[in-house]
Novice: 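My structure is below; once you've seen it, I'll send some questions.
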Amino acid sequence: MLKKKIIFLIGPTAVGKSAIAIHLAKKINAEIISCDSMQVYNSMDIVTSQPGCAQKKKLKHHLLGVIKPAKEYNVARYRKDALSICGKLFSKGKLPLFVGGAGLYYSVIIDGIFPSSPENKLIRARLYKQLSLKGNKYLYGKLSKVDPLSAKKIHPNDARRIIRALEVYMEAGLPISVLQKSRVGLGNEYEIKVFALNTNRQVLYDKINQRVDKMFNSGLVNEVRSLLNHKLSKTALCAIGVRELEGYFNGRYTLDEARRLIQRNSRRYAKRQLTWFRKDKRIEWINIRDKETAGEVAKRIWKKLF
RNA sequence: GCCGAGAUAGCUCAGUGGUAGAGCGCGGCCCUGAAAAGGCCGGCGUGGGGGGUCCGAUUCCCUCUCUCGGCA
């Protein structure tokens with residue numbers, strides 16, 4: 001019995017995933033499921049550099065611009081949403097093609113997520129209060145007592161993870177390090193193919209810088225200005241470009257400085273993405289050659305599929 | 001041509017008679033409900049060339065080259 005196939009096309013920001021994905025999807029009768037934590041939002045088309053209408057028309061894209069910026073979104077929701085779409089695609093006889101650069105989102109689809117309760121606002125608020133009052137060492141000490149395994153893994157300065165670990169412990173009564181062991185991936189049920197795109201670092205950085213310039217030319221400033229006029233969830237607020245422009249709106253620095261910061265933060269993001277993907281041995285790397293078109297790259301990937 | 005200032009990490013610069021630091025940039029890494037987030041680690045660089053003083057010079061002196069500013 002042949003296993004059903006799921007394909008991933010991942011890679012750092014601005015490397016050219018979207019265009020290649022469309023070529024590939026057409027060849028293999030697939031639909032695209034976005035694997036991105038920010039492109040789920042609507043009204044943020046320019047900052048998140050979502051595939052434009054033209055591209056969306058060519059091919060069905062899922063989980064693109066489906067959430068209002070006032071709403072929070074997270075990995076667990078993503079997993080639920082994405083897997084449900086995945087099932088629907090199979091029943092239609094289509095292949096799912098996951099495309100994006102969010103390492104954690106990718107990992108949670110392919111390797112699963114440990115069962116736990118969602119964020120508990122009350123507990124979390126209390127922990128953050130303790131953090132500001134007594135400092136991270138205090139919380140770290142607390143974690144060391146209830147979950148030494150996690151404490152060993154988490155750096156004492158990584159307040160966010162310390163708090164999450166404590167929250168889970170308080171909520172579930174079990175250490176997060178124990179719960180994390182139980183996760184069920186897709187590997188048994190499906191045949192998984194993962195391709196990651198990459199280019200020479202300097203070329204990638206040039207592409208990133210140029211893309212940011214393009215964003216400015218297509219109205220980035222106005223988009224973010226009107227975005228900031230409404231309530232923004234803490235997750236939507238994290239999109240690169242929002243905070244950087246906020247500083248400009250507040251008169252803390254010039255527009256050129258905002259541009260510089262957006263470019264720099266995007267470069268650093270790409271670097272972190274590559275670090276994340278590098279250690280994953282299931283990935284087959286596709287190095288985009290000089291002057292190679294999206295169609296040509298898609299063809300190379302396609303040949304590796306069958 | 002003359003006067004002055006400078007030449008130190010990829011960039012901008014600090015400092016010291018006992019072979020050098022900071023910011024930015026950059027590189028590596030961690031990652032399970034905020035992940036475009038959050039956290040950790042990383043600086044031997046002919047101290048412009050040559051000569052001198054000194055036990056010892058990047059630091060003092062001389063000279064050359066170059067850069068910048070001013071005067072002609």
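As a basis for the values below, the full set of heavy atoms in this structure was taken, side chains included, without hydrogen atoms, waters or symmetry mates. What you are looking at is a predicted structure, and each value in this text was computed from that prediction instead of being measured. The chains referred to below are lettered A, B, ... by the order of the sequence lines, with proteins before strands, and numbering in each begins at 1.
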Novice: Taking A:Lys142 for the side chain and A:Leu166 for the main chain, is one N or O donor matched with an acceptor at less than 3.5 Å?
Specialist: no
Novice: Could you measure between the two P atoms, the one in B:G10 and the one in B:A57, and give it in whole Å?
Specialist: 25 Å
Novice: Side chain to side chain contact (heavy atoms under 4.5 Å, CB included) with A:Asn198: which of A:Ile288, A:Val203, A:Leu274?
Specialist: A:Leu274
Novice: B:A35, B:G39, B:C31: which one has an atom nearest the side-chain heavy atoms of A:Lys153?
Specialist: B:C31
Novice: Using heavy atoms and a sub-4.0 Å distance, could you list which residues of residues 119-145 of chain A are near RNA chain B? By number, please.
Specialist: A:Glu119, A:Arg124, A:Tyr128
Novice: Considering every strand and a 4.0 Å limit on heavy-atom distances, what is the contact class for A:Val75: base, sugar-phosphate, or nothing?
Specialist: sugar-phosphate
Novice: Just the rounded figure in Å: distance from P of B:A35 to CD1 of A:Ile113.
Specialist: 11 Å
Novice: According to the Watson-Crick and G-U wobble definitions, with both distances under 3.5 Å, which nucleotide is paired to B:C66?
Specialist: B:G6
Novice: Inspect the contact between A:Glu292 and A:Arg300 and indicate whether a charged nitrogen and a carboxylate oxygen are less than 4.0 angstrom apart.
Specialist: yes
Novice: Could you let me know what B:G33 is paired to, Watson-Crick or G-U wobble, both distances under 3.5 Å, or none if it's on its own?
Specialist: none
Novice: Does A:Tyr190 have its ring centroid less than 6.0 Å away from the ring centroid of A:Phe90?
Specialist: yes
Novice: Go nucleotide by nucleotide along RNA chain B from the 5' end; which of A:Glu72 and A:Asn265 gets its closest nucleotide reached first?
Specialist: A:Glu72
Novice: Is the closest side-chain heavy-atom distance between A:Ile192 and A:Ile110 below 4.5 Å?
Specialist: yes
Novice: Rounded to the nearest Å, what distance is computed from the OH atom of residue A:Tyr105 to the C1' atom of nucleotide B:C31?
Specialist: 14 Å
Novice: Describe the nucleic acid contact of A:Val47 in one word from base, sugar-phosphate, nothing, applying a heavy-atom distance below 4.0 Å.
Specialist: base
Novice: Rounded off to whole Å, could you give me the OH-to-P distance for the A:Tyr269 and B:A34 pair?
Specialist: 16 Å
Novice: Thinking salt bridges, do A:Glu167 and A:Arg164 make one under a 4.0 Å N-O criterion?
Specialist: yes
Novice: Provide the distance between the two P atoms, one in B:G52 and one in B:C68, to the nearest whole Å.
Specialist: 32 Å
Novice: Pull out every protein N or O sitting under 3.5 Å from an N or O of nucleotides 11-13 of chain B, one pair per line with the distance.
Specialist:
none

Novice: Applying side-chain hydrogen bond (donor to acceptor under 3.5 Å, both in side chains), can you list everything that pairs with A:Lys234, at least two apart in sequence or on another chain?
Specialist: A:Glu119
Novice: Taking the C1' atom in each of B:C61 and B:A9, what is the distance between them to the nearest angstrom?
Specialist: 28 Å
Novice: Between B:G33 atom C1' and A:Arg161 atom CZ, what is the distance in whole Å?
Specialist: 12 Å
Novice: Would you mind building the protein contact string for nucleotides 22-29 of chain B? One character per nucleotide, 5' to 3', B for base within reach (heavy atoms under 4.0 Å), S for sugar-phosphate only, - for untouched.
Specialist: --SSSBBB
Novice: Tell me which residues in residues 209-240 of chain A lie within less than 4.0 Å of RNA chain B, going by non-hydrogen atoms.
Specialist: A:Lys234, A:Thr235, A:Cys238, A:Ala239, A:Ile240
Novice: Quick one: A:Ile154 CD1 to B:C30 C1', roughly how many Å, whole number?
Specialist: 11 Å
Novice: Between B:C44 and B:C3, how many Å separate the two C1' atoms, rounded to a whole number?
Specialist: 39 Å
Novice: With the side chain counted from C-beta on, respond yes when A:Asp36 and A:Tyr105 share a heavy-atom pair under 4.5 Å apart, and no when they do not.
Specialist: no
Novice: Would a single hydrophobic cluster contain both A:Ile6 and A:Val184, if residues Ile, Leu, Val, Met, Phe, Trp and Tyr are joined by side-chain heavy-atom contacts under 4.5 Å?
Specialist: no
Novice: Indicate yes or no: does A:Arg243 engage A:Glu246 in a salt bridge with an N to O separation below 4.0 Å.
Specialist: no
Novice: Return the nucleotide paired to B:C26: Watson-Crick means purine N1 to pyrimidine N3 with N6-O4 or O6-N4, wobble means G-U with N1-O2 and O6-N3, both under 3.5 Å.
Specialist: B:G42
Novice: Under 4.0 Å between a side-chain N/O of A:Arg160 and OP1 or OP2 of B:A35, yes or no?
Specialist: no
Novice: Please list residues of residues 282-290 of chain A whose heavy atoms come under 4.0 Å from any atom in RNA chain B, ordered by number; otherwise none.
Specialist: none
Novice: Within the distance-only criterion (no hydrogens, no angle test), does the side chain of A:Tyr41 pair as donor or acceptor with the backbone N or O of A:Lys71 below 3.5 angstrom?
Specialist: yes
Novice: Taking the C1' atom in each of B:G25 and B:U63, what is the distance between them to the nearest angstrom?
Specialist: 37 Å
Novice: Just by distance, do the side chain of A:Asn250 and the backbone of A:Arg252 share a donor-acceptor pair under 3.5 Å?
Specialist: no
Novice: Applying the 4.5 Å side-chain criterion to the ILVMFWY set and letting contacts propagate, would A:Tyr140 and A:Val168 be lumped into a single cluster?
Specialist: no
Novice: Can you tell me how far C1' in B:U59 sits from the matching atom in B:A7, rounded to whole Å?
Specialist: 14 Å
Novice: Can you tell me how far P in B:U8 sits from the matching atom in B:U58, rounded to whole Å?
Specialist: 15 Å
Novice: Is any side-chain nitrogen or oxygen of A:Lys279 closer than 4.0 Å to OP1 or OP2 of B:C31?
Specialist: yes
Novice: Students often get this wrong, so: under 4.0 angstrom with heavy atoms, is A:Gln39 touching a base, only sugar-phosphate, or nothing?
Specialist: base
Novice: Roughly how many Å is it from CG in A:Leu104 to C1' in B:G33, rounded to a whole number?
Specialist: 9 Å
Novice: Got a donor-acceptor contact below 3.5 angstrom from the A:Glu296 side chain to the A:Thr293 backbone?
Specialist: yes
Novice: Strictly below 4.0 Å, N to O, side chains only: are A:Arg267 and A:Asp206 in salt-bridge contact?
Specialist: no
Novice: Any sub-3.5 Å donor-acceptor pair from A:Trp285's side-chain atoms to A:Ala196's backbone N or O?
Specialist: no
Novice: Suppose we define a pair by two distances each less than 3.5 Å, Watson-Crick or G-U wobble; what does B:G1 pair with here?
Specialist: B:C71
Novice: Is there a side-chain polar atom (N or O) of A:Asn157 under 4.0 Å from OP1 or OP2 of B:C40?
Specialist: yes
Novice: Just how far, in rounded Å, is C1' of B:C31 from CG of A:Asp158?
Specialist: 8 Å
Novice: Paired with B:U16 by Watson-Crick or G-U wobble geometry, both distances under 3.5 Å: which nucleotide is it?
Specialist: none
Novice: What I'd like to find out is whether the side chain of A:Phe216 reaches to under 4.5 Å of the side chain of A:Ile262, using heavy atoms alone.
Specialist: yes
Novice: So what does A:Tyr73 hit on the nucleic acid, given a heavy-atom distance under 4.0 Å: a base, only sugar-phosphate, or nothing?
Specialist: sugar-phosphate
Novice: How far, in whole Å, is B:C24 from B:G38 if one measures between their P atoms?
Specialist: 16 Å
Novice: Is it the case that atom NZ in A:Lys303 sees more than 12 heavy atoms from other parts of the structure closer than 6.0 Å?
Specialist: no
Novice: Hey, which of A:Phe195, A:Phe277, A:Tyr106 is the one that makes ring-ring contact (aromatic ring centres under 6.0 Å, His included) with A:Phe8?
Specialist: A:Tyr106
Novice: Can you tell me how far P of B:A35 sits from CD1 of A:Ile10, to the nearest Å?
Specialist: 17 Å
